[in-house]
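Computation of the quantities below employed the complete heavy-atom set of this structure, encompassing side-chain atoms and omitting hydrogens, waters and symmetry-equivalent molecules. Chain identifiers are assigned alphabetically (A, B, ...) following the order of the sequence lines, protein sequences preceding nucleic acid strands; residue numbering begins at 1 within each chain.
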Protein chains: 2
Amino acid sequence: MDRNVFKIDKLPTVRRLPAYLHILRQLARCDEKFVSSAFLAEKLNIEPILVRKDFELTRVAGTPRVGYSISGLIASIEEFLGWGEDLDAILVGVGQLGASILGYRELMDFRLRILAGFDSDPEKVGTAVHGVPVFAVTRLEELLGRLRARLAILTVPSADAQNITDLLVSSGIRGIWNYTSENIVVPADVITQKEDLASGLAVLCVKMSRNMPSPL
Amino acid sequence: MDRNVFKIDKLPTVRRLPAYLHILRQLARCDEKFVSSAFLAEKLNIEPILVRKDFELTRVAGTPRVGYSISGLIASIEEFLGWGEDLDAILVGVGQLGASILGYRELMDFRLRILAGFDSDPEKVGTAVHGVPVFAVTRLEELLGRLRARLAILTVPSADAQNITDLLVSSGIRGIWNYTSENIVVPADVITQKEDLASGLAVLCVKMSRNMPSPL
DNA sequence: TAGATTGTTAATCGATTAACAATC
DNA sequence: TAGATTGTTAATCGATTAACAATC
């Protein structure tokens, strides 16, 4: 089963870490110093013990009766996720979705730095979207040699997904954040993460139908 | 623990169903009639037995040696998700993200029908984005009385998330698909589904750091 | 028939929850 | 001190995987 070399454990925990980080930063902005697992659990609708278990993974220690140091937690989580330093990326496909990602302030909170956008539309080439310069997709290989980004955000039309993926891989990209609806194929040493909006909608629909006998 | 009344089981299965659906429709378009669990498993990088277990939930039956009927599977999955009929929704916050959702063809495949957009920007009010009319957010309550949509897509700035949520809830919305980075608070009988881009990025980052000793 | 694929039943694995001792 | 909160250890729960019988 080596097709999934990158199966990491504690995946549910990793998925929750950014949510903690978001709340912790809000608290830090309000000059709070300590927070309890119960407080965070309440916010995220989970159990306090789960919060403590999650923090165990990041090796942060709390103080009985006081809680966890907010700044300590932020540092530990960032450290664990590798979000302490800028994460350089490029984005391919500057359509409406691509543009909205370029303008998504939250991602900058996580020190994701999108160095360049690429698009095949000559109208877009040469412009800047949310301050990010857009280049022709034909220059991908050339520019990736210079930019040293290892991560690519894929927001092209589904039909182009695999072609562009192949190009990204041969240009040295090691991770692809896939926003298309295609299941792209990559060599074993390249990592992909598929962002699937439909799965969230499915969960919502099933919950709603469980909730109401007649869904309309 | 009644705050999570809508904890459904088989959640991982539900999350995978749209991915099956997507592949099945591609196959149907190619006039394929049957598919094996092994084929689908290969596509999604999971185990064949997991595919069969998932299908068990939708009560679809396969035929030994032949596989599953593609049209039968599509029907069963749609039936299970309640995607056999149009799912009426509204969208609040016609910014770049909101607009990209309005233009997202894939969602129409799932029969999600966005009846109206709402925005506070007078420039946008009265226009149509991807064919969807945009109304003033002040008319939310009034129009929701008429539209009979039960689902709202929330793409407003984080700062407005809770206010708009309260308005949606008091206007009769039963489910909120939350694209903001806020953890919105709703009454126990309203369902929310938070779409968290950061958690996908976290998984990707952790996988990449596991992969490469030095991440750059 | 022989062989491929489903479907069932049991085993394993991992995530969450519970209980409670430690501790500030 | 007493009480609140962490952290540890064990129990439970659910999801995935394995084994193999059923079946077309």
Side-chain angles (χ1 to χ4, degrees), chain A residues 1-4 6-17 19-20 24 27 32-70 72-73 76-77 199 202-203 206-207 210, chain B residues 1-17 19-20 24 27 32-73 76-77 199 202-203 206-207 210:
Chain A
M1 225 61 43
D2 67 345
R3 65 180 175 223
N4 237 338
F6 304 119
K7 196 175 281 183
I8 53 172
D9 62 349
K10 305 288 152 51
L11 203 119
T13 295
V14 172
R15 285 194 164 281
R16 281 188 293 267
L17 292 179
Y20 294 130
L24 292 167
L27 293 172
E32 296 286 333
K33 300 297 175 213
F34 293 90
V35 69
S36 70
S37 57
F39 179 89
L40 291 167
E42 163 82 31
K43 287 276 182 191
L44 296 178
N45 263 268
I46 56 178
E47 299 296 323
I49 178 63
L50 188 52
V51 176
R52 299 203 294 277
K53 281 284 173 196
D54 284 344
F55 289 171
E56 201 178 285
L57 184 69
T58 70
R59 297 182 197 290
V60 83
T63 315
R65 222 200 101 84
V66 174
Y68 296 85
S69 150
I70 290 174
L73 272 178
S76 299
I77 294 175
S199 83
V203 173
V206 170
K207 282 184 186 170
R210 294 286 172 285
Chain B
M1 224 61 44
D2 66 345
R3 65 179 176 224
N4 237 338
V5 189
F6 304 119
K7 197 175 279 181
I8 52 172
D9 62 350
K10 307 286 154 53
L11 203 120
T13 295
V14 172
R15 285 195 163 283
R16 281 188 293 267
L17 292 179
Y20 295 129
L24 292 167
L27 293 172
E32 295 286 334
K33 299 298 177 215
F34 293 91
V35 69
S36 71
S37 58
F39 179 89
L40 290 167
E42 164 81 31
K43 287 278 182 189
L44 296 179
N45 263 267
I46 56 179
E47 298 296 323
I49 178 64
L50 189 52
V51 175
R52 299 203 294 277
K53 281 286 174 192
D54 285 343
F55 289 171
E56 201 178 286
L57 184 69
T58 69
R59 300 182 194 288
V60 84
T63 316
R65 220 198 104 82
V66 174
Y68 296 85
S69 149
I70 289 174
S71 60
L73 272 178
S76 299
I77 294 175
S199 82
V203 173
V206 169
K207 281 184 187 170
R210 294 285 173 286

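Out of C/dA15, D/dT5, C/dT8, the shortest distance to the side chain of A/P64 is found at D/dT5. Candidate nucleotides C/dT6, D/dT17, C/dC24 were compared by shortest atom distance to the side chain of B/I49, and D/dT17 ranks first. In this structure, of C/dA15, D/dT16, D/dT6, it is C/dA15 that holds the atom nearest to the side chain of A/K10. The side chain of A/E56 lies closest to D/dT8 when the candidates are D/dT8, D/dT6, D/dT16.
Comparing A/R65 and A/S36 by the nucleotide of DNA chain D that holds the closest heavy atom to each, the one mapping nearer the 5' end is A/R65. Mapping A/T63 and A/L50 onto DNA chain C via the closest heavy atom, the residue that lands nearer the 5' end is A/L50.
Between atom CG of residue A/L73 and atom CG of residue A/L17 there is a gap of 10.0 Å, rounded to the nearest 0.5 Å. Interatomic distance, B/L57 CG to B/K10 NZ, rounded to the nearest 0.5 Å: 6.0 Å.
Atom OH of A/Y68 and atom C1' of C/dC24 are 14 Å apart (whole Å). Atom C1' of nucleotide D/dT16 and atom CG of A/L11 are separated by 14 Å, given to the nearest angstrom. The distance between atom CD of A/E47 and atom C1' of D/dC13, rounded to the nearest whole Å, is 14 Å. Here the P atom of nucleotide D/dC20 and the CZ atom of B/R52 are 14 Å apart, to the nearest Å. Distance B/F55 CZ to D/dT16 P: 14 Å, rounded to the nearest Å. Atoms CG (A/D54) and C1' (C/dT17) sit 13 Å apart, rounded to a whole Å. Rounded to whole Å, the distance from CG on A/D9 to P on D/dA15 is 19 Å. Rounded to an integer number of Å, the gap from CZ of A/R16 to C1' of C/dA15 is 8 Å.
Residue side chain A/K53 reaches the base of D/dT9 through a donor-acceptor N/O pair under 3.5 Å, judged by distance alone.
Across all strands, B/A38 comes closer than 4.0 Å to no nucleic acid atom at all (heavy-atom distances). Among the atoms of the strands shown, none is found under 4.0 Å from any heavy atom of A/T13.
Closest approach of A/G72 and A/S69 over heavy atoms only: N-OG, 2.9 Å. The shortest non-hydrogen separation linking A/G62 to A/P64 is O-CD, 3.9 Å. The two residues B/V51 and B/Y20 have their closest heavy-atom pair at CA-OH, 3.5 Å.
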The test is side-chain contact (heavy atoms from CB on, under 4.5 Å); show your working for B/V206 and A/L11 and say whether it passes. CA-CA 9 Å; B/V206 169; A/L11 203 119; over 6 Å; no
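Not less than 6.0 angstrom separates the ring centroid of A/Y68 from the ring centroid of A/F34.
Fit an axis to the five pairs at each end of the helix from C/dG3-D/dC24 to C/dC24-D/dG3 and the two axes sit 10° apart, to the nearest 10 degrees.
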